[in-house]
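The block underneath contains the structure these notes are about, expressed in structure tokens.
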Amino acid sequence: MSLLTVSDLRVHLFTPRGLVRAVDGVSFALEAGRSLGIVGESGCGKTMTALAMMRLIPTPPAQIVGGSILFDGQDVVTMDAERLRALRGGDIAMIYQDPMTTLNPVLTVGEQIAEAVRLHRHDGRTAAWARAVEMLKLVGIPDPARVASAYPHQLSGGMRQRAVIAMALACDPKLLIADEPTTALDVTIQAQILELLRRLQGELGTAIILITHDLGVIADLVDDVAVMYAGKVVEHTAVRTLFNDPKHPYTRGLLNSVPSLETRERRLRTIEGTVPPAHAMPAGCRFNPRCGQVRPECHDREPPLVVLDNGSRAACWALS
Amino acid sequence: MTAPLLSVRDLRKHFPITGGPLGVRTVGQVKAVDGVSFDVAPGETLALVGESGCGKSTTGRMLLRLTEPTSGQIQFDGVDLLGLGRTEMRLRRREMQIVFQDPYASLSPRQRVEDIIAEPLDVNGLYDTPAARRDRVIDLLRLVGLDAIHLRRHPFEFSGGQRQRIAIARALAPQPRLIVADEPVSALDVSIQSQVVNLMQDLQEQFGIAYVFISHDLAVVRHIAHRVAVMYLGRLVEMATTDELFGAPHHPYAQALLSAAPVPDPDRRRTRIVLTGDVPSPSKAPSGCHFHPRCPIAQAVCREQAPPLTEVSPGHVAACHFGKPFPIPTGG
């Protein structure tokens with residue numbers, strides 16, 4: 001049985017300008033100890049999908065209107081408040097783009113980690129503090145005993161993100177959700193954090209869902225990738241297959257748009273047009289106004305995710 | 001080589017750190033930019049790359065004197081900009097424009113697109129009749145891939161990519177010879193980013209505009225720049241043609257920076273140099289070569305003396321005590 005099975009998840013936003021189907025029938029599964037990247041551009045629903053895993057979506061305006069999220073055999077969508085509290089920060093932990101979203105500026109780093117440990121693992125104060133220092137050491141912070149007594153503002157951006165990772169992993173979660181964890185960091189620090197996440201995943205066996213817009217980060221860290229466009233998964237496959245044999249026209253366009261470090265082309269390839277406004281999605285396939293391979297059926301019916309001959313799943317009429 | 005359009009020599013910006021009981025005494029200095037020199041030829045793109053706090057944006061702002069340099073020289077078209085008075089400088093800015101990173105912050109939400117783009121025309125009196133003003137704005141909109149129907153709209157009605165096109169149209173309005181572009185595509189999604197990069201290249205070909213392109217995104221720089229200058233903590237550490245810098249980086253920092261850039265290729269995972277430590281704060285820049293605490297090949301001399309920029313091959317300069325590129329151990 002998979003650690004996490006998401007089936008036909010739907011998150012709608014009820015806004016004054018109309019209904020927005022932010023997540024519209026997303027399904028995927030994640031095995032224990034594996035990593036899944038969810039990649040897509042602004043507004044594709046990747047963050048809403050991640051927040052739904054812990055039922056953290058802001059209600060109102062957003063609401064889970066359908067589907068199920070089976071984590072360890074229990075449905076998060078229908079879970080009661082008490083069980084949900086144990087889940088959040090316990091079995092599932094989350095890290096965000098900006099570490100200061102997570103860190104409390106008036107508590108020391110060690111106090112914050114120890115607080116989570118006492119809550120979820122029911123350790124005493126001394127044991128919880130020792131655990132905090134141990135975790136800071138694990139994430140490669142030099143002089144962890146001193147840093148445990150430091151306030152977040154005394155740390156650099158890279159060190160803060162390490163501290164947040166230490167806090168997230170302190171209670172041995174089975175699943176870590178990382179939403180753009182390196183986007184706010186400089187590239188040499190980003191390389192350090194990615195290496196850290198990769199090492200920790202190997203050592204601790206934590207499953208990871210990585211949310212990002214950066215295909216380079218995806219290529220660096222995960223086993224499988226789901227590409228989202230306008231609230232839907234359009235392609236889901238192993239990371240090597242995605243980069244070596246992308247199938248969906250949107251995936252191909254996205255990969256083509258990334259300038260290469262190795263070669264210099266005269267012009268960058270682009271995806272024409274922009275993502276349509278959320279409350280005015282086209283009928284049929286949502287990518288059809290920007291797609292170079294449109295067929296008549298693309299305007300009428302939404303393509304389902306189907307398995308292709310290379311093992312990928314993609315939602316495109318031109319492929320099925 | 002033709003005469004440079006822009007010539008910068010030993011440019012410095014030191015910000016005071018205040019302290020003491022009243023917070024008015026100067027207790028130290030942040031050397032945000034510390035002796036930077038470079039030339040930009042007409043129609044050329046020079047990229048300034050580096051991480052947060054390396055001084056690349058401060059350098060960009062100083063080129064237009066939006067931030068006053070502490071010392072140094074900036075010659076634009078043979079004129080010493082730092083010797084100009086306020087009015088003269090304002091007239092000069094007609095020829096040098098700037099595009100900022102965040103098109104949500106750089107466009108006034110209360111102005112219509114027509115007035116936003118026409119502002120440099122208004123300031124410089126570059127039209128005779130209201131009809132001529134409107135025609136010029138429509139021309140500019142079309143140049144950047146927008147249309148006359150957008151004239152009466154407000155910025156909130158546009159996507160990020162379209163807003164950046166509007167900001168570029170405004171920069172183009174007075175027919176500048178130099179545009180300083182400070183992270184112009186960093187806030188944009190990747191499919192939109194490539195549209196804007198293509199647009200900037202088309203405009204350069206058409207009008208011969210020179211760009212100072214400030215960015216932390218090396219893949220974009222590889223694509224758009226003719227030459228690249230790498231900055232670290234206020235100093236230039238390496239400058240070369242783009243192919244030379246990406247093909248044979250000399251300075252250990254440039255090598256690490258290039259290898260740290262995430263590449264969309266899962267097979268490249270384990271071949272990178274991972275630097276230890278953080279970028280130090282510019283207020284506590286290390287002695288000697290600023291990079292020495294993080295440098296995998298640092299020696300005693302690096303702690304004591306700052307290496308000068310020296311030529312490693314024609315047109316390629318680097319500031320490292322070691323004469324040839326060292327093979328740096330890769331991580332993983």
Side-chain angles (χ1 to χ4, degrees), chain A residues 40-44 140 142 155-159 182 184-192 194-195 198 213-223 225 238-244 250 253-275 277 290, chain B residues 49-54 158-162 185 187-199 201-202 216-225 242-243 246-247 253 256-270 272-281 294 331-332:
Chain A
E41 300 180 281
S42 324
C44 73
L155 306 181
S156 68
M159 284 299 152
T182 61
L185 304 174
D186 278 319
V187 55
T188 60
I189 308 302
Q190 167 170 284
Q192 293 173 1
L194 289 174
E195 189 173 81
R198 199 162 46 231
H213 71 283
D214 189 331
L215 290 160
V217 171
I218 284 284
D220 221 81
L221 194 64
V222 300
D223 303 318
V225 185
V239 67
R240 277 200 171 72
T241 316
L242 185 90
F243 287 94
N244 297 332
Y250 175 66
L254 202 60
L255 286 168
N256 280 334
S257 306
V258 183
S260 160
L261 266 180
E262 262 111 59
T263 55
R264 182 167 174 181
E265 296 147 85
R266 218 196 70 73
R267 282 182 75 80
L268 293 177
R269 280 174 286 179
T270 66
I271 303 175
E272 291 306 313
T274 52
V275 182
R290 302 177 74 188
Chain B
V49 305
E51 300 180 279
S52 326
C54 73
F158 294 89
S159 67
Q162 289 173 319
V185 298
L188 307 178
D189 276 321
V190 55
S191 70
I192 307 302
Q193 175 174 306
S194 47
Q195 294 174 2
V196 173
V197 169
N198 283 343
L199 170 67
Q201 285 186 305
D202 292 344
H216 69 281
D217 186 333
L218 294 162
V220 170
V221 164
R222 170 97 178 92
H223 186 76
I224 200 170
T242 307
D243 285 338
F246 281 79
Y253 176 66
L257 193 65
L258 288 176
S259 94
V263 176
D265 176 0
D267 297 317
R268 282 273 308 260
R269 275 181 195 183
R270 304 210 166 261
R272 65 164 48 122
I273 306 161
V274 175
L275 291 175
T276 53
D278 288 324
V279 185
S281 155
R294 300 176 78 196

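Keep in mind that what you see is a predicted model, and the values were worked out from it rather than measured. All values below were derived from every heavy atom in this structure, side-chain atoms included, with hydrogens, water molecules and symmetry-related copies excluded. Numbers restart at 1 for each chain; the letters A, B, ... are given by sequence-line order, proteins then strands.
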Validation row: B:S191, A:T274 side chains within 4.5 angstrom (heavy atoms): no
Structural part of A:R269 lying under 4.5 Å from a heavy atom of chain B: backbone
From CD (A:Q190) to NE2 (B:H216), nearest 0.5 Å: 8.5 Å
Per-residue contact mode, A:S42 against chain B (heavy atom under 4.5 angstrom): both
Best-contacting candidate, B:R294, B:R222, B:Q201, B:Q162, against chain A by heavy atom pairs under 4.5 angstrom: B:R222
B:T276, part contacting chain A, at a heavy-atom distance under 4.5 Å: backbone
Non-hydrogen atoms of B:N198 and A:L268 that approach each other most closely: ND2-O, 2.7 Å
Side chain to side chain contact (heavy atoms under 4.5 Å, CB included) involving A:S156 - partner list, sequence neighbours excluded: A:M159, B:D278
Under 3.5 Å donor-acceptor, B:Q195 side chain and A:G273 backbone: yes
B:A187 portion near chain A, given a 4.5 angstrom heavy-atom threshold: neither
Non-hydrogen side-chain atoms of B:D202 and A:R267 separated by less than 4.5 Å: yes
Interchain contact, B:E51 with chain A, by part (heavy-atom threshold 4.5 Å): both
Leading residue by heavy atom contact count with chain B [cutoff under 4.5 Å; candidates A:V187, A:L255, A:L215]: A:V187
Structural part of B:L188 lying under 4.5 Å from a heavy atom of chain A: neither
Residue B:V197 versus chain A: region with a heavy atom under 4.5 Å: side chain
Pairs of heavy atoms under 4.5 Å with chain B: top-ranked of A:S260, A:G158, A:P259, A:G140: A:P259
Part of A:D214 lying under 4.5 Å from any heavy atom of chain B: side chain
Heavy-atom closest contact (B:Y253 atom, A:T188 atom, distance): CE1-CG2, 4.4 Å
Contacts of B:F158 that satisfy ring-ring contact (aromatic ring centres under 6.0 Å, His included) - sequence neighbours left out: B:H150
Pairwise distance OG1(A:T270) to CD1(B:I192) - rounded to 0.5 angstrom: 8.5 Å
